2 protein chains.
Amino acid sequence: MHANVKQNVVPLITPGLKVACSQCNLRELCLPFGLLDEDMARLDNLIGGGRKLKRGQHLYRAGEAFESIFAVKAGFFKTDVLTEDGRDQVTGFQMAGEILGMDGISTEVHTCNAVALEDSEVCLIPFTELEMLSSEIHSLQHHLHKVMSREIVRDHGVMMLLGTMRAEERLAAFLLNLSQRFNARGYSPAEFHLRMTREEIGSYLGLKLETVSRAFSRFQDEGLISVQQKHIRILDIPRLKTLLTPADGRLG
Amino acid sequence: MHANVKQNVVPLITPGLKVACSQCNLRELCLPFGLLDEDMARLDNLIGGGRKLKRGQHLYRAGEAFESIFAVKAGFFKTDVLTEDGRDQVTGFQMAGEILGMDGISTEVHTCNAVALEDSEVCLIPFTELEMLSSEIHSLQHHLHKVMSREIVRDHGVMMLLGTMRAEERLAAFLLNLSQRFNARGYSPAEFHLRMTREEIGSYLGLKLETVSRAFSRFQDEGLISVQQKHIRILDIPRLKTLLTPADGRLG
DNA sequence: GTAGCCCTTTGATATTTATCAATGCAACTT
DNA sequence: AAGTTGCATTGATAAATATCAAAGGGCTAC
């Protein structure tokens with residue numbers, strides 16, 4: 001096995017790609033939130049460098065040894081779980097400032113795949129070292145716990161979506177969630193490009209791609225959004241939100 | 001407002017209900033897993049006492065301030081999320097040795113309700129103090145992270161269930177999961193009492209109670225299980241497992 | 001012990017979503 | 001520039017699950 005072949009399979013840390021939380025405009029969204037300057041400098045030292053990924057590349061795969069968590073610096077990811085029996089479920093889409101890989105802490109092995117949906121960049125945060133540092137910096141420890149807890153709460157929201165919503169409600173919730181997250185990052189909440197296919201949206205929402213496509217079309221017919229392939233413009237956010245409040249009859 | 005009325009609404013810590021991880025037969029399943037004796041003694045000191053709950057009582061409610069996580073010492077709980085628009089989703093069922101309340105860390109407010117489904121007992125673990133102690137005891141810190149990560153992985157499993165399985169597959173997965181957890185606690189994996197109603201099972205599985213009931217009946221007709229109200233006997237675990245492997249046609 | 005209530009079961013029908021199939025569109029490759 | 005390939009849309013039909021309805025059974029509380 002040639003060394004450069006192996007490099008293609010397992011992309012290494014980009015040499016010289018220095019990252020520093022203290023210089024990062026995502027720091028209020030990301031792990032260093034609320035740290036004092038001196039503590040942030042210690043976190044800077046810990047972060048193992050950045051890593052760039054091309055669209056389609058895996059950040060990690062289920063089964064690989066867990067060593068680090070990752071902060072998305074730029075770009076867009078999906079995570080998905082595959083089971084032996086062939087099921088495939090997209091468990092989330094991650095954008096700048098969000099943390100990837102916490103599923104691997106439990107067993108020291110990644111339990112899902114993380115794939116870049118566009119050219120992306122992440123910061124590598126070695127977990128053992130993060131634990132050591134968080135023993136010393138209480139606010140870092142607490143924020144790590146908050147980030148993990150937030151992931152649990154987010155997952156509960158997805159369960160709610162999958163367990164109680166019908167197709168159009170799911171898609172409306174999905175679009176509003178993306179809108180709100182783009183907005184929080186300084187992008188337009190009303191106009192954006194989807195980085196994922198209809199099939200990936202469908203997997204995330206527990207629907208078939210045709211159902212997703214039909215729901216998009218119906219939203220467009222009703223003047224709620226305009227869709228052109230992956231380009232979405234939300235025309236009526238308030239009315240989209242009312243879709244999430246089902247008629248009295250169906251619940252309660 | 002009379003003091004004893006208030007006691008009925010918000011049950012206080014049971015006085016004199018001393019709990020000690022070092023004496024607990026769940027310690028290998030629960031938070032103290034892997035601790036040295038001396039460290040376990042320190043955890044004993046931290047644990048705020050036990051609390052008993054009658055069936056139907058809330059351990060905590062969405063909206064309450066978060067202060068502690070809880071370890072189930074005995075009994076059976078459900079957690080559920082309610083949204084303003086009236087949706088209601090059971091997010092999990094918890095039994096002895098499992099940890100409740102980690103959703104509250106994120107915002108310092110509980111985001112779901114935890115209800116005892118039978119007379120139960122929990123240990124109260126004040127979270128701020130747990131963080132302080134885990135700064136000093138690395139194995140405790142690491143295990144806490146593992147417990148939180150395990151919850152994330154569990155949630156991914158529920159997403160998979162809700163996103164990719166049909167009704168009978170969901171129920172089979174549910175029964176096998178209970179079976180395995182009872183087994184891990186020294187109870188029969190083949191025979192147990194359900195603590196929850198068909199409606200609660202349905203909420204958890206994203207199904208209506210009638211669908212759950214029909215699936216139970218069909219399993220019984222096929223000789224997979226025997227059902228009498230809440231009493232379940234699994235007659236053919238291997239065949240129940242094969243239900244989870246869908247025919248080739250439907251996936252891939 | 002018994003009345004009442006909640007839970008469960010079962011049937012008939014309606015609704016939603018999946019499946020199968022065909023066509024169109026757009027980006028990438030050569 | 002044209003061909004190829006993957007992605008998206010749309011229609012017709014099938015399958016799964018929800019909804020509506022009614023009745024029986026068991027547990028609880030009086």
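What you see is a predicted model; the values in this text were computed from it and never measured.
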Could you state the atom-to-atom distance from [atom1] of [X] to [atom2] of [N] in whole Å?
{"X": "B:Ile232", "N": "C:dT8", "atom1": "CD1", "atom2": "P", "value": "10 Å"}
{"X": "A:His193", "N": "C:dA27", "atom1": "NE2", "atom2": "C1'", "value": "14 Å"}
{"X": "A:Asp221", "N": "D:dT9", "atom1": "CG", "atom2": "P", "value": "12 Å"}
{"X": "B:Leu194", "N": "D:dG26", "atom1": "CG", "atom2": "P", "value": "16 Å"}
{"X": "A:Leu207", "N": "D:dA15", "atom1": "CG", "atom2": "C1'", "value": "16 Å"}
{"X": "B:Arg166", "N": "C:dT19", "atom1": "CZ", "atom2": "P", "value": "7 Å"}
{"X": "B:Glu169", "N": "D:dT17", "atom1": "CD", "atom2": "C1'", "value": "14 Å"}
{"X": "B:Gln228", "N": "D:dG24", "atom1": "CD", "atom2": "P", "value": "19 Å"}

Do [X] side-chain atoms and [Y] backbone N/O form a donor-acceptor pair below 3.5 Å?
{"X": "A:Tyr204", "Y": "A:Gly92", "value": "no"}
{"X": "B:Gln89", "Y": "B:Val81", "value": "no"}
{"X": "A:Ser120", "Y": "A:Glu118", "value": "yes"}

Return the nearest nucleotide to the side chain of B:Gln229; candidates are D:dG26, D:dA16, C:dA18.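 In terms of side-chain proximity for B:Gln229, the closest of D:dG26, D:dA16, C:dA18 is D:dG26.
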Would you tell me if any nitrogen or oxygen in the side chain of [X] comes within less than 4.0 Å of OP1 or OP2 on [N]?
{"X": "B:Lys208", "N": "D:dC20", "value": "no"}
{"X": "A:Arg198", "N": "D:dC7", "value": "no"}
{"X": "B:Ser213", "N": "C:dT8", "value": "no"}
{"X": "A:Lys230", "N": "C:dA27", "value": "no"}
{"X": "B:Arg55", "N": "D:dT28", "value": "yes"}
{"X": "A:Ser217", "N": "D:dT9", "value": "no"}

Using a 4.0 Å heavy-atom cut-off, does B:Gly206 contact any base of the nucleic acid, only the sugar-phosphate backbone, or nothing at all? sugar-phosphate
Determine the contact category for A:Leu209: base if any of its heavy atoms lies under 4.0 Å from a base atom, sugar-phosphate if only primed atoms, P, OP1 or OP2 are that close, otherwise nothing. base
No-hydrogen, no-angle side-chain donor-acceptor test under 3.5 Å, B:Thr79 and B:Gln94: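 Short answer, yes.
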Are a donor atom and an acceptor atom from the side chains of A:Glu191 and A:His231 found within less than 3.5 Å of each other?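 Yes, side-chain donor-acceptor contact under 3.5 Å.
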Show the distances under 3.5 angstrom between N or O atoms of the protein and N or O atoms of nucleotides 11-14 of chain C.
unit_1 : atom_1 : unit_2   : atom_2 : d
C:dG11 : N7     : B:Arg214 : NH1    : 2.9
C:dG11 : O6     : B:Arg214 : NH2    : 3.1
C:dA12 : N6     : B:Arg214 : NH2    : 3.4

I'd like to know if A:Glu169 pairs up with B:Arg87 as an ion pair, taking the criterion as any Lys NZ or Arg NE/NH1/NH2 lying under 4.0 Å from an Asp or Glu carboxylate oxygen.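 Looking at A:Glu169 and B:Arg87, the cut-off is met.
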Is the closest basic N to carboxylate O distance between A:Glu121 and A:Arg51 below 4.0 Å?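 Result for this pair is no, no salt bridge flagged.
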